[in-house]
Amino acid sequence: MTGAIPTNRRTVLKGGAALLAVPFLARSAAGQASHLRVSMTSEEGIAHLQTYRKAVAAMWALDPSDPHNWFRYAMIHLMDCPHGNWWFFVWHRPYVAHLERIVRIYGEDEAFAMPYWDWTADPFVADTFFASSTYPDNALDPSSSHYPDWDSFESAYHDPIEAFWNGLSDAQKQQENLRGFPDFDSFWTTGVQPNFNANPADGRSKTAAAPDLTPPASDAVMLPVIEAGLRPEIFTTVVGSGQARTGFNSPESQNHHQGVGAAILEGQPHNKVHNDLGNAAGGWMPSLLSSVDPIFFMHHCNVDRLWDVWTTKERTAGRTALPTAEEAPRFDPEPFLFYIGDAGQPAPSTAGASMDIAPWGYAYTPGSGSASAAGLQSRRGIAPNATAQANEGFGLNEGATASLSLPEGAAAAGAEETRQVAQVTFTPPRTVKGLRFDVFVSPAGETPELSEDSPGFAGSFEFFGMLHGHGHDFTAVIDVTDAVERLREAGTLPESGAIDVTLAASGTGREDRTLESAPLEGVFKSVVLESF
Amino acid sequence: MIDVVSGSDPLVLAVRTGPLPAGAELVLETPEGLRIGSVSPFGATAATSPAEQVHLVPVPAGTLPDGRTEIRARLILHGSERAATAREFLGVAIIGN
């Protein structure tokens, strides 16, 4: 099964966005977040990506001896990143957070916050990451002139990197030895060169004409997989006979260079999206130099967001979201010795120091998977989410309905104060070619006109590609704020906030011949309405 | 072989593998060809990969029939595919959730 793209989001993206004044939160005396990380396809996210592009170009232009040179910063990942073990999440958090601070300098925007790539909602590489008529030499595109071929790279970078290596501390060299790089020559020939994308034209497998994730990555980012990754209630996956349990995190290893396996979020969406952005010809993202492709940081920002979603879920339920007391002495002291700070200074740390996002000064807007935790807590003063089961069949121009009430307080608020986001879960028909799935909002008990011209029309989405025949449920995220607001303006929204959410299929006008023979019955399972 | 007992929650399979080549996908399926899920390694190197690794694969509830089911594995690498060897696919078990 492949992903679906809500047309309202894609339209915003394709229409482009002027550089907006991106608000960031005032820091309170209580130390609340000063920066809000948003989806990279939101208007605010697109604006942040303009800053990001400027910074990446500036960092590429730095001398290779400068630790803020773009490749030098990416090289940290090759030298030190954990994969396939329980330090996976905690190492990448500071790696992304330090770069966020560095981008504020080179992008000349103190308000910059790293956007996240919500691949569940947006299973494609956004337009901003490709060359365009506006940005023909786009620094976010690995085929641009900023990215050297091997010969040019070796000529410019070999000696500065060797000088850097020779300046490593004994402790750092010990880490590189554990990683399989006992000396500079082995690092260069078995580390840098095999992971270097030699031909810039092959830097990323996706193109502006074909940006979508493909299987297995497009399957792995779907909400049921994300929710499966968020479901565990222990930090570490425990393997071995007798006591095996699924944890949020990958299994324990002896050191952070050792790969012993992968839990769901690391192994499924994380790994598969990495691999899907390259192919047999090459690509940065499938390699340990993956962070040369700037989209790496949006990818890992979403990984970090999901860790924060899980942490919040766990702590709301009264659990620590941490390694056990027995595990902590082995987990916490693990040294991470290669980070670089915003002043270019070494910023060594240990695993136990980065278990929360608060010290880094950022927070996340809700994205895919947030609703799994949202029901356990109030969200910034808005009442808990409204949920409703439907379990009703729908078809071509035949709707199925779930009835629920807007969260308390949201019925009275205007659109500028709150946003209403619906997560619509359904079992699609066996084939989705030629079909579009439409969501409508109407006053409770009223049947909406099933047309995109209807005032109750909230949005629609289409699948790209074919179902794999597993009957997976799918959850699409639709912003229904405008539709709710039209009901309010028409005076038809009840004071109680009682509404119906209707899901129906319609034809796209393409592949119409499939509609005659393909069974078009799906099942509308449930809807969660989230206010924020 | 795994023993499936139906329920409302998705299953989680613990898939034991040997070192897998970079860029490979280890596809799990039943003898009838029903695709269950896959493992896609990332970041492993020969120097850092132990002889055995464990990867978790979620399987939606209702995908597999109740009772004993055989799981087979294919290896796909850059468009070519073959049956996984005994050193690549070591076994699979349902793990507690």
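To find a chain, count down the sequence lines: A is the first, B the second, and so on, and within it residues start at 1.
- For the pair A:Arg93 and A:Trp307, the cation-pi criterion (under 6.0 Å, within 45° of the ring axis) is fulfilled.
- Under the 30°/60° scheme for interplanar angles, the aromatic rings of A:Phe336 and A:Trp91 are found to stand perpendicular.
- Interface residue B:Val57: backbone and side-chain heavy atoms are both found under 4.5 Å from chain A.
- Interface check for chain B: of the options A:Pro251, A:Ala280, A:Ala262, the most heavy-atom pairs under 4.5 Å are formed by A:Ala262.
- Note on ring orientation: taking the six-membered ring where Trp is involved, the planes of A:His83 and A:His77 are perpendicular (angle over 60°, cut-offs 30° and 60°).
- Between A:His270 and A:His274, the ring planes lie perpendicular to each other; the angle is over 60°, past the 30° to 60° tilted range.
- Of the atoms belonging to A:Asn271, heavy atoms from both backbone and side chain fall under 4.5 Å from chain B.
- Put simply, of A:Ser287, A:Pro216, A:Gly267, A:Ser253, the one with the most heavy-atom pairs under 4.5 Å next to chain B is A:Pro216.
- The shortest side-chain heavy-atom distance between A:Thr120 and A:Leu223 falls under the 4.5 Å cut-off.
- Interface remark: A:Gln268 contributes side-chain atoms only to the contact with chain B (heavy atom separation under 4.5 Å).
- Proximity to chain B (any heavy atom under 4.5 Å) is shown, for A:Ser250, by neither the backbone nor the side chain.
- Neither the backbone nor the side chain of A:Thr190 comes within contact range of chain B; no heavy atom of the residue lies under 4.5 Å from a heavy atom of that chain.
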Practice task
Go through the steps to decide whether A:Trp284 and A:Phe196 satisfy the test ring-ring contact (aromatic ring centres under 6.0 Å, His included), and finish with yes or no.
Solution key: CA-CA 7 Å; A:Trp284 292 105; A:Phe196 190 93; 4.9 Å; yes
